[in-house]
Amino acid sequence: MSAPVIPISIVSDVVCPWCYVGIAQLQKAMRKFQQSHPGTSFKLTWHAFELNPDLDRISSTSPAPETVPVISKFDYLVSKFGRGVAERGSQLLNQRAQAAGIEINSSSGVIGPTKLVHEALVYAREKDKQTEFMLALFGAYFGKNENIFGKAGIIQVAATVDGLDVKELGDYLNSRKGNKIVEDEIKKNRYIGGVPHYAIGKYEVHGGQDAETFVKIFELTM
């Protein structure tokens, strides 16, 4: 009898802090579940969502730009939600991030369009390195306030992931081969309304969940 594999499909955007909290809690749940169910493995697949389509100013046909226009993350959040909501949300997020064991600079740094980053994640999916790359992007963006939005920033993060060929990735981004895949995923996932969103086997989970919730769902899939 083959060892069980639990498929997990994740709809996410790299600028979504709750998605970073979510994957940290999901990983805690995976480790806990494997302790009680030795041999179980998980297959994670990430799909694109555009959290801030108003920031998308990159042509879908031109070669990937080295840099793209970005703005202050905090100023953008204030303009979108208001100062009070932005500040309270940042405090809550920092608490949840600490509980998940990660560091999030939720309001400092810059924010920009993410379609090109999603194209790079499509490339990483083809190389079976998507989760490693996504975690590196989350860590660079939320943990180190790095600008990850143009080709230069994407390549810089990719260089930290074993198994990703940065020259090949740069050529892939310039070709824009991943653009239609990303556009189709974003269009398909609009119905979700927000991220993160998880499909775990036949079960769907939305929003920031704790590790125990994920473990209960894993149990249902067995």
Single-linkage hydrophobic cluster Val85~Val21, side-chain heavy atoms < 4.5 angstrom:
no
Report yes if the side chains of Asn189 and Val195 come closer than 4.5 Å at any heavy-atom pair, otherwise no.
no
Could you state whether Ile8 and Val5 fall into the same hydrophobic cluster, counting links through intermediate Ile, Leu, Val, Met, Phe, Trp or Tyr residues with side-chain heavy atoms under 4.5 angstrom apart?
no
Atom of Gly39, atom of Ala3 and distance for their closest heavy-atom approach:
O-CB, 3.3 Å
Minimum heavy-atom distance Gln34-Thr40, with the two atoms named:
NE2-O, 2.9 Å
Evaluate the side-chain contact (heavy atoms from CB on, under 4.5 Å) criterion for residues Glu87 and Phe81: first the C-alpha distance (whole Å), next the side-chain angles of each, then the deciding distance (0.1 Å), finally the verdict.
CA-CA 10 Å; Glu87 290 177 345; Phe81 302 111; over 6 Å; no
Set of residues satisfying side-chain contact (heavy atoms from CB on, under 4.5 Å) with respect to Ile186, sequence neighbours excluded:
Ala48, Glu50, Lys115, Val182, Arg190
For Lys127, all residues meeting salt bridge (Lys or Arg N to Asp or Glu O under 4.0 Å), sequence neighbours excluded:
Glu168
Does the side chain of Phe218 come within less than 4.5 Å of Ser36's, by heavy atoms?
no
According to side-chain contact (heavy atoms from CB on, under 4.5 Å), who are the partners of Asn147, at least two apart in sequence or on a separate chain?
Val70, Val110, Phe149
Reference residue Pro65; test side chain to side chain contact (heavy atoms under 4.5 Å, CB included); the match among Leu173, Asn174, Leu116
Leu116
Taking side-chain hydrogen bond (donor to acceptor under 3.5 Å, both in side chains) as the definition, give me every residue that meets it alongside Glu66, ordered by chain and number, with sequence neighbours left out.
Lys151
Non-neighbouring partners of Thr213 that pass side-chain hydrogen bond (donor to acceptor under 3.5 Å, both in side chains), sequence neighbours left out:
Asp210
Taking only residues two or more places apart in sequence or in another chain, which ones pass side-chain hydrogen bond (donor to acceptor under 3.5 Å, both in side chains) with Lys80?
Asn52
What closest approach, in Å, do Val68 and Gly150 show between heavy atoms, and which atom pair accounts for it?
CG2-N, 4.0 Å
Indicate the atoms forming the closest heavy-atom contact of Leu164 with Ala158, along with that distance.
CB-O, 4.0 Å
Heavy-atom distance under 4.5 Å between the side chains of Asp184 and Lys188, does that happen here?
no
As a quick check of understanding, evaluate side-chain contact (heavy atoms from CB on, under 4.5 Å) for Val15 and Leu55, giving each step before the final call.
CA-CA 12 Å; Val15 296; Leu55 296 178; over 6 Å; no
side-chain contact (heavy atoms from CB on, under 4.5 Å) partners for Thr131, two or more places apart
Leu44, Trp46, Leu135
From His47 atom NE2 to Ile10 atom CD1, the distance as rounded to the nearest 0.5 Å
9.0 Å
With heavy-atom distances below 4.5 Å as the criterion, would you say the side chains of Met30 and Phe214 are in contact?
no
Do other residues, nucleotides or ligands put more than 12 heavy atoms under 6.0 Å from Asp128 CG?
no
Would you name the heavy atoms of Pro17 and Ile104 that are closest together and state the gap between them?
O-CD1, 3.7 Å
Nearest 0.5 angstrom please: Cys19 SG to Leu51 CG, how far?
7.5 Å
Flag side-chain contact, heavy atom, 4.5 Å: Phe133 against Val14
no
Partners of Lys28 by side-chain contact (heavy atoms from CB on, under 4.5 Å), sequence neighbours excluded?
Gln25, Arg31, Ala211
Given Tyr76 and Asp54, is the side-chain contact (heavy atoms from CB on, under 4.5 Å) satisfied, shown in steps?
CA-CA 11 Å; Tyr76 180 75; Asp54 54 311; 2.8 Å; yes
So do Trp18 and Arg96 actually touch side chain to side chain, heavy atoms under 4.5 Å?
yes
So if you build clusters from Ile, Leu, Val, Met, Phe, Trp, Tyr with side-chain heavy-atom gaps below 4.5 Å, do Val161 and Met134 land together?
yes
How far apart are the closest heavy atoms of Ile148 and Ile154, and which atoms are they?
O-CG1, 3.2 Å
Distance-only donor-acceptor hits, side chain of residues 198-209, under 3.5 Å, sequence neighbours excluded:
from	atom 1	to	atom 2	distance (Å)
Glu204	OE1	His197	NE2	3.0
Gln209	NE2	His206	O	2.8

Please walk me through it: do Glu185 and Leu121 pass side-chain contact (heavy atoms from CB on, under 4.5 Å)?
CA-CA 12 Å; Glu185 287 189 356; Leu121 284 161; over 6 Å; no
Under 3.5 Å donor-acceptor, Lys73 side chain and Asn105 backbone:
yes
Using 30° and 60° as the class boundaries, would you call the ring planes of Phe42 and Phe33 parallel, tilted or perpendicular?
perpendicular
Excluding sequence neighbours, so at least two apart, what forms side-chain hydrogen bond (donor to acceptor under 3.5 Å, both in side chains) with Gln91?
none
If hydrophobic clusters are built by linking Ile, Leu, Val, Met, Phe, Trp and Tyr wherever their side-chain heavy atoms come under 4.5 Å apart, do Tyr141 and Leu77 end up in the same one?
no
For residues 94-126, the ring-ring contact (aromatic ring centres under 6.0 Å, His included) pairs (sequence neighbours left out) are Tyr123-Tyr172
For Asp75, what residues pass the salt bridge (Lys or Arg N to Asp or Glu O under 4.0 Å) criterion, not counting sequence neighbours?
none
Heavy-atom side-chain proximity of Phe74 to Arg83 below 4.5 angstrom
yes
